[in-house]
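Let me begin by presenting the structure, written as structure tokens, before commenting on it.
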Amino acid sequence: MEFPVDFLHNIHIAFGETGRQWLSDLPALLEYAAQRWDLQIGAPMLLSYNYVTAARRADGLPVVLKIGVPNREFLSELAALRYMNGDGCVSLLDADEQKYMFILERLMPGEMLARLPDDDQRTRIAGELMARIHRPALQEMPFIKLSDWFAELGKLRPRFAGATGPFPEKLCSRVENLLPILFETGGLSLIHGDCHHFNILSSGSGWCVIDPKGVIGPPGYECGPLLTNPIPDFPYLAGALRRVERRIAILSECLGLSKENIRDWGLCHCLLSGWWDMAEDGSG
């Protein structure tokens, strides 16, 4: 099998030797999935950190097959799909946890939210979906903890001998001061964790999220990825600051959160996202 260069890079950087072995095993995994669910495998979709492909069951139903490198995040996504049970989220049809694979309904027409031209409309759709998919936190399920993600920022200053390297000192200090307050006052819910314009697709019944990370944390964090997307172009568009202010106002209305809470989580997300890029290969 031949894979896009970016996909290979992502798998090698994120998963190391486990990822390289998984790529070698992938043809056999696809054959296993085809036999288990009686699938006709189609063309792969946009590949990032999982192998995702169109498929069709023997009864003619179009589905999506997703196979992941064995890791905690994949199991958290599977648990979130089960918990959301198709309510504002793509429906899970079946899964094989041992093989780290599952099949989903194929959303039709499946256009990304990013395709809509009106930013206020896009933001309202996203905000209403966020409110719909959030659930009470269930600690006994294998969900990711948002606090674990942000604990990784504790490695930033040690890496730069107490300084902040390419990251603005003012931003780092502000995030360090904000995080204890945001976690203490924000409450805990199951959230998507990566709810942006490319993870919301159109379907016959409206709009649905895909690829939920399955994260336990304050719901205000959910707004972070949306505020800066679609990347990489959005921050450089004319009127980007005004659009961010509009997004914050709309999300505040949809989620019942203060504008300050949404803005602050957006700042924290930006620093975490930048640190993740830096940490993966040193060039972020």
Side-chain angles (χ1 to χ4, degrees), residues 3 6-23 25-26 29 33 44-53 64-85 89-92 94-104 130 133-135 137-155 188-196 198-201 208-219 221-222 224-226 229 231 265 268-269 271-281 284:
F3 304 107
D6 288 347
F7 177 62
L8 292 174
H9 174 79
N10 289 346
I11 297 299
H12 291 160
I13 293 297
F15 301 107
E17 183 56 38
T18 301
R20 283 185 278 273
Q21 182 61 52
W22 177 79
L23 288 168
D25 294 341
L26 195 49
L29 291 170
M45 298 177 174
L46 183 65
L47 300 179
S48 55
Y49 291 89
N50 300 280
Y51 192 83
V52 184
T53 181
V64 172
L65 169 66
K66 185 168 186 175
I67 306 176
V69 179
N71 70 96
R72 179 188 177 193
E73 190 171 287
F74 194 90
L75 296 179
S76 181
E77 177 181 353
L78 178 56
L81 287 166
R82 285 174 171 155
Y83 191 19
M84 294 178 185
N85 195 30
C89 179
V90 64
S91 291
L92 176 71
D94 202 0
D96 188 323
E97 291 186 45
Q98 300 303 314
K99 297 290 187 180
Y100 286 79
M101 62 176 66
F102 51 71
I103 53 173
L104 304 163
M130 290 175 188
I133 64 174
H134 289 175
R135 300 283 190 278
L138 296 178
Q139 300 293 344
E140 67 273 14
M141 296 185 74
F143 295 127
I144 295 167
K145 292 183 178 179
L146 186 64
S147 56
D148 289 344
W149 279 359
F150 277 100
E152 297 178 32
L153 287 178
K155 304 173 185 176
L188 295 178
S189 296
L190 173 68
I191 62 176
H192 183 290
D194 195 25
C195 193
H196 55 67
F198 302 109
N199 278 340
I200 298 175
L201 304 184
C208 291
V209 298
I210 62 170
D211 296 342
K213 299 297 183 186
V215 179
I216 298 294
Y221 174 79
E222 193 83 287
L226 191 82
N229 268 284
I231 55 174
W265 274 118
C268 294
H269 166 75
L271 181 59
L272 179 63
S273 182
W275 170 245
W276 278 342
D277 281 350
M278 168 68 69
E280 283 187 353
D281 62 7

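FYI, the numbering just counts along the sequence from 1. Predicted model only: the values in this text are computed from it and were never measured.
Heavy atoms from other residues, nucleotides or ligands lying under 6.0 Å from CD of Gln139 number more than 12. At most 12 heavy atoms of other shown residues, nucleotides or ligands fall within 6.0 angstrom of atom CD1 in Ile231.
The shortest non-hydrogen separation linking Phe143 to Ala80 is CE2-N, 3.5 Å. Closest approach of Ala14 to Tyr49, counting heavy atoms only: CB-CE2, 3.8 Å. Residues Met84 and Pro212 come closest through the heavy atom pair CE-CB, 4.2 Å. Ser76 and Ile144 get closest at one heavy-atom pair: OG-N, 3.3 Å. Considering every non-hydrogen atom in both Phe198 and Ile210, the closest pair reads O-CD1, 4.1 Å. For the pair Trp275 and Glu152, the tightest heavy-atom approach, listed with the atom from each and the gap, is NE1-O, 3.1 Å.
To the nearest 0.5 Å, the span separating SG on Cys195 from CG on Leu226 amounts to 7.0 Å. Taking CG of Asp211 as the start and CD1 of Ile200 as the end, the distance is 11.5 Å to the nearest 0.5 Å. Within the model, atoms CD1 of Ile13 and CG of Leu8 stand 11.5 Å from one another, a figure rounded to the nearest 0.5 Å. Once rounded to the nearest 0.5 Å, the distance linking CZ of Arg135 with CD1 of Ile133 reads 8.0 Å. Atom SG of Cys89 and atom CG of Leu81 lie 5.0 Å apart (nearest 0.5 Å). Between the CD1 atom of Ile103 and the OG atom of Ser91 there is a distance of 12.0 Å, given to the nearest 0.5 Å.
Side chains of Glu77 and Glu73 form no contact here, defined as non-hydrogen atoms less than 4.5 Å apart. Counting heavy atoms from C-beta outward, Tyr100 and Leu29 have side chains that stay 4.5 Å or more apart. In this structure, Phe3 and Asn10 have side chains that are not in contact, with every pair of non-hydrogen atoms separated by 4.5 Å or more. Tyr221 has its side chain out of reach of Val215: every pair of non-hydrogen atoms, C-beta onward, lies at least 4.5 Å apart. Inter-residue side-chain proximity for His269 and Pro225 is flagged as met; some heavy-atom pair is nearer than 4.5 Å.
Judged by distance alone, the side chain of Glu222 and the main-chain N or O of His192 form a donor-acceptor pair under 3.5 Å. Side chain of Trp22 to main chain of Gly68: a donor-acceptor pair is present (N/O by atom type, distance under 3.5 Å, no hydrogens or angles). With Asp194 contributing its side chain and Asn199 its backbone, the two residues share no donor-acceptor pair below 3.5 Å.
Listed by chain and residue number, Trp276 satisfy the ring pair (Phe, Tyr, Trp, His ring centres under 6.0 Å) test with Trp149 (two or more places apart in sequence, or in another chain). For Asn50, the side chain to side chain contact (heavy atoms under 4.5 Å, CB included) partners are Val52, Lys66, Phe74, not counting sequence neighbours.
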Where do Ile216 and Leu190 land on the side-chain contact (heavy atoms from CB on, under 4.5 Å) test, with the steps shown first? CA-CA 5 Å; Ile216 298 294; Leu190 173 68; 4.1 Å; yes
